[in-house]
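Notes follow the structure.
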Amino acid sequence: SGSATMKVAEEGDPMLIFSASEGTNVISSGTGTVVSVDADEIYGTKVVIDHGNGYQSIYRNQGSALVKNGEELGKGYILFTIGEDNKTLGYQITEHEKYIDPMSLIDING
């Protein structure tokens with residue numbers, strides 16, 4: 001269990017900030033290919049998943065990514081496991097390389 005609050009990243013790109021309990025798995029929102037696993041200066045690690053339809057999901061967390069670059073993911077693959085030191089998750093979506101409000105898609109997809 002956890003809560004979600006909407007915050008905006010400092011550069012103005014919409015980002016959902018989730019806080020989750022220890023032991024929670026952060027899972028992929030849909031099928032896709034991991035296009036990058038990089039260091040992120042605020043969140044520690046950034047995982048970008050390309051869904052092949054113009055959309056990319058970006059997950060930011062202090063934990064170690066459990067997926068690697070080039071990996072093909074199904075929906076619900078575990079990206080991070082929440083531990084004592086990484087309870088905050090940043091979630092973003094880009095459409096054709098432009099950041100969009102993640103809530104607009106969450107509302108549509110239930």
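Note: hydrogens, waters and symmetry copies are ignored here, and every other heavy atom, side chains too, is used. One is the number of the first residue; the rest follow in order along the sequence. Because the structure is a prediction, the values reported are computed rather than measured.
No option in Y43, Y59, F80 other than Y59 meets the ring-ring contact (aromatic ring centres under 6.0 Å, His included) test with Y91.
For the pair T33 and L73, the minimum side-chain heavy-atom distance is 4.5 Å or more. In this structure the side chain of I100 reaches within 4.5 angstrom of the side chain of Y55, judged on heavy atoms. Residues V47 and V34 are in side-chain contact: their nearest non-hydrogen atoms beyond the backbone lie under 4.5 Å apart.
By the salt bridge (Lys or Arg N to Asp or Glu O under 4.0 Å) test, D40 is found to be paired with R60, residues two or more places apart in sequence or in another chain being considered. With sequence neighbours left out, T81 forms a side-chain contact (heavy atoms from CB on, under 4.5 Å) with N25, L66, I78.
N61 places a side-chain N or O within 3.5 Å of a backbone atom of N86 that can act as its donor or acceptor partner. A donor-acceptor contact shorter than 3.5 Å is absent between the side chain of S57 and the backbone of I93.
For the residue pair T45 and A65, the shortest heavy atom distance occurs at CG2-CB, 4.0 Å. Summarising the geometry of V67 relative to E71, their closest heavy-atom pair is CA-OE1, 3.3 Å, with the distance given to 0.1 Å. When all heavy atoms of H51 and T31 are compared, the closest pair comes out as ND1-O, 2.7 Å. Here the shortest heavy-atom pairing between Q92 and P102 reads CA-CG, 4.3 Å.
A distance of 8.5 Å separates CG of L79 from CD1 of I27, quoted to the nearest 0.5 Å. Rounding to the nearest 0.5 Å gives a distance of 8.5 Å between CD of Q62 and CG of D85. We find the OG-NZ distance between S29 and K75 to be 7.5 Å, quoted to the nearest 0.5 Å. To the nearest 0.5 angstrom, I58 atom CD1 is 4.0 Å from Y99 atom OH. For the atom pair OG (S21) and CD1 (I82), the distance works out to 9.0 Å, reported to the nearest 0.5 Å.
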